[in-house]
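Just so you know, these numbers come straight off a predicted model, no measurement behind them. Chain letters run A, B, ... following the sequence lines, proteins first and then strands; every chain starts at 1.
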There are 2 protein chains.
Amino acid sequence: MEARRDVFQAIADPTRREIISLLSFQPMNLNAVAGNFEVSRPAISKHIKILTECGLITIRQEGRERFCEARLDKLNEVSEWVEQYRKFWTEKLDALELYLDELQTQNKPKQKTKKHVNKKRRS
Amino acid sequence: MEARRDVFQAIADPTRREIISLLSFQPMNLNAVAGNFEVSRPAISKHIKILTECGLITIRQEGRERFCEARLDKLNEVSEWVEQYRKFWTEKLDALELYLDELQTQNKPKQKTKKHVNKKRRS
DNA sequence: TGTATGCGATACCGTTTGGTTACACAAATA
DNA sequence: TATTTGTGTAACCAAACGGTATCGCATACA
C-alpha cells in the first residue's frame with residue numbers, strides 16, 4: 001500500500017472527499033469519522049492514513065483517541081493547477097458576466113462581498 | 001478497465017494532467033500526443049479514452065487521424081469543490097471572520113449568512 | 001497496386017487500490 | 001481488577017490501474 005502519494009490522488013476517492021468534508025466542520029476522532037460511513041473502521045483508518053501522508057489532515061493524539069483535523073491549505077495545490085485553466089472555460093461568457101456584475105453593482109451598491117469571490121466562477 | 005469515471009479520478013494521474021496541459025495549447029492527434037511521452041502509444045490511447053469518458057477532451061475524427069481537443073470547462077467541477085474550502089487556507093483572518101459571522105448569526109438570527117456553516121453531521 | 005501511417009482492440013502482466021476479517025494492545029471505565 | 005473502548009496492524013482478496021506487445025484495419029500515399 002505504498003505508492004505515489006499526492007493531493008490529486010488523495011482527493012480522487014469519493015470517500016476521502018467526504019472525510020475531508022466532515023472534518024472541515026470540526027475535528028473528530030477516528031471512530032467518529034468511521035461512524036459516518038458504511039465501510040468498516042479499518043477501511044476509514046486507511047483513508048485517514050493516506051490523507052495524513054499527503055498533509056490534508058493532521059492527527060492529534062489524546063489518550064487513546066486520535067483526533068483528525070483538516071489541513072485544507074494543501075488543497076491550494078489543486079486550486080492553483082485548476083485555476084491556470086480557468087481562462088479556457090470562462091472566456092466566452094466573460095462579456096455577459098461583466099454585464100451582470102455591473103448590473104448587480106448598480107442595484108445593490110452597498111453589498112460588500114468580503115468573500116474573496118475569485119471573480120469569475122461559473123457553474 | 002471499466003469503473004468509476006469522474007474528473008477527480010481522471011486528473012489523479014500525472015500523465016493525464018500532462019496530456020491536459022499539452023492539449024490546452026492546441027488540439028493534437030493521438031500520435032502527436034504520444035510523441036511527447038515515454039510510454040507507448042496504446043498507453044496514451046487509454047489515457048485519452050479516460051479523459052474523453054469524463055468529458056475533459058473531445059475527439060474530432062479527420063480521415064484516419066483523431067484530433068484531441070481539451071474541454072477544460074469540466075474542470076469547473078473540481079474548482080468548485082476546492083473553492084468551497086478556500087476559506088480554510090487563505091487568510092488567517094478567515095477563522096476570525098467565520099467566528100464573527102456566527103456570533104452575528106446568534107445575535108441576529110434573521111440575518112442570513114449565506115455561509116452554509118453546517119455544524120454537526122453525525123449519523 | 002503496394003506500402004506506410006494512424007489508431008482501435010485484444011490479451012496479458014505486475015502492482016495498487018479499497019475493502020474485509022481477525023487479532024493485539026493500551027487507555028479508560030466499572 | 002475486569003471489562004469496555006479506541007485504534008493499529010497483519011493477512012487476505014477481487015478488482016482496477018497502468019503498462020506492454022501484437023494484431024487488424026481503414027486511410028493516405030508512392
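Across the protein-nucleic acid pair, B:Arg5 atom CZ and C:dT17 atom C1' stand 14 Å apart, rounded to whole Å. Spacing between atom CD of A:Gln61 and atom C1' of C:dA28 amounts to 14 Å, rounded to whole angstrom units. For B:Asp13 and D:dA16, the CG to C1' distance is 13 Å, given to the nearest whole Å. Rounded to an integer number of Å, the gap from NZ of B:Lys49 to C1' of D:dA16 is 14 Å. Protein atom NE2 of B:His47 is 17 Å distant from nucleotide atom P of C:dA9, rounded to whole Å. Rounded to whole Å, atom P of C:dG18 lies 13 Å from atom CD1 of A:Ile11. A:Lys46 has its NZ atom 9 Å from the C1' atom of D:dT9, to the nearest Å. A straight line from CD1 of B:Ile48 to P of D:dG19 spans 13 Å, rounded to a whole angstrom.
Within the structure, a side-chain polar atom (N or O) of A:Gln9 is placed less than 4.0 Å from OP1 or OP2 of C:dT17.
Applying the 6.0 Å contact sphere to CD of B:Glu38 captures no more than 12 heavy atoms from other residues, nucleotides or ligands.
In the hydrophobic cluster analysis, where Ile, Leu, Val, Met, Phe, Trp and Tyr join through side-chain heavy atoms closer than 4.5 angstrom, B:Phe8 is grouped together with A:Trp89. B:Leu22 and A:Tyr85 fall within a single hydrophobic cluster, where Ile, Leu, Val, Met, Phe, Trp and Tyr are joined by side-chain heavy atoms under 4.5 Å apart, directly or via other members.
Salt-bridge check for B:Glu18 with B:Arg16: failed, with every basic side-chain N at 4.0 Å or more from each acidic carboxylate O. Salt bridge annotation for B:Glu62-B:Arg60: present, with a cationic side-chain nitrogen under 4.0 angstrom from a carboxylate oxygen.
To the nearest 0.5 Å, atom CD1 of residue B:Ile59 and atom CD1 of residue B:Ile48 are 6.0 Å apart.
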Atom pairs under 3.5 Å, N or O on each side, protein against nucleotides 25-30 of chain D: can you list them with distances?
residue : atom : partner : partner atom : Å
D:dT27  : O2   : B:Arg64 : NH1          : 2.6
D:dA28  : O4'  : B:Arg64 : NH1          : 3.4

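Here the closest heavy-atom approach between residue B:Ala70 and residue B:Ile57 is recorded as CA-CG2, 4.1 Å.
The stretch residues 27-45 of chain B comes close to DNA chain D through B:Val39, B:Ser40, B:Pro42, B:Ala43, each having a heavy atom under 4.0 Å from the strand.
Here the side chains of B:Ile19 and B:Phe37 are in contact, with some heavy-atom distance below 4.5 Å. With contacts defined as side-chain heavy-atom distances shorter than 4.5 Å, the pair A:Leu72/A:Leu23 does not qualify.
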